[in-house]
> 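I'd like to ask some things about the structure below.
Here the structure is a predicted model, which is why all the values come from computation and not from measurement.
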Amino acid sequence: MIRPLVSLIFVAFAATAAVTEPVCRAAPIADDTTESWSYTDCGRPTDPIQLESIAVSPDPPKAGEDLTVTVRALVTEAVEEGAYAEVIVKLGRVKILTTTFDICEEARYDVSCPMRKGPHIVVHTVALPNDIPRAKFTVDINAYTVDDDDLMCLNLEADFMKKPFF
């Protein structure tokens with residue numbers, strides 16, 4: 001379960017990959033919620049990666065099926081090699097995973113570093129396992145530049161206790 005969840009997290013960072021279509025800068029998204037999952041852009045307006053939207057299909061996600069995630073973001077400063085993300089995954093209130101990963105290394109198939117400024121769209125598909133525990137997962141992501149400056153912040157919640165997931 002943790003690997004697909006981390007893959008979904010990665011998608012948020014992979015938003016800085018090659019542009020597949022122009023993106024207009026929308027008003028900052030503070031929170032987007034469906035009945036079974038939600039995200040909050042906890043970053044500041046000055047962060048180099050400005051998240052515009054995250055969409056999933058199917059919505060709500062279903063255990064044992066492919067999940068396609070589309071992320072739109074605006075990169076306001078080039079992101080250099082060495083940028084990294086700190087990720088904490090919680091099951092309820094209990095931390096079940098704390099990890100740090102190199103964004104460029106993790107995104108090597110979708111992103112080339114340095115990541116250039118401008119609008120970006122990434123579409124990424126992950127296979128969700130059949131045996132997802134019926135639980136509420138919280139994922140806190142803080143990303144930093146190679147110089148340890150803030151890059152972006154994202155909080156995700158997925159409630160697999162709700163009926164639509166199964």
Side-chain angles (χ1 to χ4, degrees), residues 2-61 66-90 95 97-126 128 137-159:
I2 298 305
R3 192 67 186 160
L5 197 53
V6 171
S7 293
L8 290 177
I9 295 162
F10 158 73
V11 170
F13 295 109
T16 54
V19 176
T20 57
E21 63 183 87
V23 178
C24 297
R25 178 70 174 136
I29 294 175
D31 188 49
D32 191 14
T33 303
T34 67
E35 198 170 309
S36 357
W37 72 277
S38 66
Y39 73 90
T40 302
D41 180 350
C42 50
R44 297 186 316 237
T46 56
D47 286 350
I49 297 178
Q50 294 293 311
L51 182 65
E52 293 180 337
S53 67
I54 300 175
V56 300
S57 178
D59 189 1
D66 284 350
L67 177 67
T68 300
V69 181
T70 303
V71 179
R72 293 174 182 256
L74 180 67
V75 177
T76 61
E77 298 174 23
V79 178
E80 302 293 329
E81 288 278 350
Y84 64 97
E86 295 176 346
V87 179
I88 299 172
V89 180
K90 298 176 191 169
K95 287 183 189 178
L97 174 70
T98 300
T99 188
T100 300
F101 64 86
D102 182 290
I103 294 171
C104 295
E105 178 61 28
E106 188 73 21
R108 67 186 172 276
Y109 299 111
D110 297 313
V111 176
S112 60
C113 287
M115 298 175 206
R116 62 183 170 71
K117 293 173 20 174
H120 297 273
I121 299 171
V122 168
V123 178
H124 187 76
T125 300
V126 295
L128 295 180
F137 294 89
T138 304
V139 182
D140 299 322
I141 307 159
N142 288 291
Y144 303 95
T145 67
V146 67
D147 297 320
D148 296 323
D149 294 325
D150 290 340
L151 190 57
M152 73 172 289
C153 176
L154 178 66
N155 296 323
L156 299 167
E157 290 188 5
D159 188 349

> Mind checking what makes salt bridge (Lys or Arg N to Asp or Glu O under 4.0 Å) contact with D150, not counting sequence neighbours?
R44
> List the atom of V79, the atom of V75, and the distance in Å for their closest heavy-atom pair.
CG2-CG1, 4.2 Å
> Would you please name every residue forming a side-chain contact (heavy atoms from CB on, under 4.5 Å) with K117, sequence neighbours left out?
none
> Write down the atom of P61, the atom of L128, and the distance for their closest heavy-atom approach.
CB-CD1, 3.8 Å
> Taking only residues two or more places apart in sequence, or in another chain, which ones meet S57 in a side chain to side chain donor-acceptor pair (under 3.5 Å)?
none
> Taking the side chain as C-beta and beyond, is there a heavy-atom pair between T70 and I121 under 4.5 Å?
yes
> Say you draw a straight line from CG of N142 to CE of M152; how long is it, rounded to the nearest 0.5 Å?
9.5 Å
> Looking at residues at least two apart in the chain, or sitting in another chain, which of them share a salt bridge (Lys or Arg N to Asp or Glu O under 4.0 Å) with E80?
none
> For D148, which residues count as a side-chain contact (heavy atoms from CB on, under 4.5 Å) partner, sequence neighbours excluded?
Y84
> Keeping T40 on the side-chain end and C42 on the backbone end, is there a donor-acceptor pair under 3.5 Å?
no
> Donor-acceptor pair, distance only, cut-off 3.5 Å: does the side chain of D47 make one with the backbone of I49?
no
> In chain order, what residues pass the side-chain contact (heavy atoms from CB on, under 4.5 Å) check against E77, with sequence neighbours excluded?
P48
